[in-house]
Amino acid sequence: MKERVNNYKNLLEVMSFYRNAENPISRKELVDYMELEDRSVREIISKARKKGIPILSDSGNYGYYLSYKEEDISRFLNQEILSKIRDLNETFQALVVHIKPIDLKQVLPKEVK
């Protein structure tokens with residue numbers, strides 16, 4: 001647990017220097033700074049976002065930044081998150097047809113049922 005807290009602290013510490021999309025920090029730089037594996041850094045970022053910490057990314061600028069600006073958060077949600085949701089939905093729709101008869105209990109996560 002202490003390690004997890006330190007990871008969040010380290011992440012927030014470094015992110016405090018990267019506050020806009022024009023000057024993001026790359027994931028490789030975060031990995032080097034935090035001295036963790038790439039996958040671990042991605043998991044920490046994901047968990048931080050789920051706790052409401054707006055660590056945003058812009059695939060055009062290839063990096064992460066911390067912003068509480070409404071316009072930055074809206075752009076991130078629209079460009080990054082919604083595109084992933086659409087892509088996952090497209091994959092879901094293409095594959096669910098192979099489950100006959102379709103039993104939604106079998107394919108939907110518990111939170112959605």
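Counting from 1, the numbers follow the sequence of the chain as shown.
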K.L.:
Check the hydrophobic clustering (I, L, V, M, F, W, Y; side-chain heavy atoms under 4.5 Å; chains of links allowed) and say if V14 and Y68 are grouped together.
P.N.:
yes
K.L.:
For the hydrophobic clusters of this structure (ILVMFWY residues joined by side-chain heavy atoms under 4.5 Å, transitively), does one cluster hold both I44 and F17?
P.N.:
yes
K.L.:
Can you tell me how far apart OH (Y8) and CD1 (I53) are? Round to the nearest 0.5 Å.
P.N.:
7.0 Å
K.L.:
According to the side-chain hydrogen bond (donor to acceptor under 3.5 Å, both in side chains) rule, which pairs have a member within residues 13-22, sequence neighbours left out?
P.N.:
E13-Y33
K.L.:
In chain order, what residues pass the salt bridge (charged side-chain N to carboxylate O under 4.0 Å, His left out) check against K28, with sequence neighbours excluded?
P.N.:
D32
K.L.:
Can you find a heavy atom in the side chain of N10 that is under 4.5 Å from one in the side chain of L36?
P.N.:
no
K.L.:
Looking only at heavy atoms, what is the nearest atom pair of R86 and N78, with distance?
P.N.:
NH1-O, 4.4 Å
K.L.:
I need the S40 OG to N7 CG distance, nearest 0.5 Å.
P.N.:
7.5 Å
K.L.:
Ignoring hydrogens, what is the shortest heavy-atom contact between R49 and L56? Give both atom names and the distance.
P.N.:
NH2-C, 3.9 Å
K.L.:
Measure the OG-NZ distance between S46 and K51 for me, rounded to the nearest 0.5 Å.
P.N.:
11.0 Å
K.L.:
With the threshold set at 4.0 Å, does a side-chain nitrogen-carboxylate oxygen contact exist between D87 and K84?
P.N.:
no
K.L.:
Determine, step by step, whether E29 and S26 satisfy the side-chain hydrogen bond (donor to acceptor under 3.5 Å, both in side chains) criterion, reporting the C-alpha distance in whole Å, the side-chain angles of both residues, the deciding distance to 0.1 Å, and the verdict.
P.N.:
CA-CA 5 Å; E29 291 172 310; S26 72; 3.2 Å; yes
K.L.:
Would you please name every residue forming a salt bridge (charged side-chain N to carboxylate O under 4.0 Å, His left out) with E43, sequence neighbours left out?
P.N.:
R39
K.L.:
Less than 4.5 Å apart, any side-chain heavy atom of I55 and any of L11?
P.N.:
yes
K.L.:
Once rounded to the nearest 0.5 Å, what's the spacing between atom CG of L30 and atom CD1 of I25?
P.N.:
4.0 Å
K.L.:
CD1/I73 to CD/E71 distance, rounded to the nearest 0.5 angstrom?
P.N.:
10.0 Å
K.L.:
Using the rule that Ile, Leu, Val, Met, Phe, Trp and Tyr join whenever any side-chain heavy atoms are under 4.5 Å apart, tell me whether F76 and I85 fall into a single cluster.
P.N.:
yes
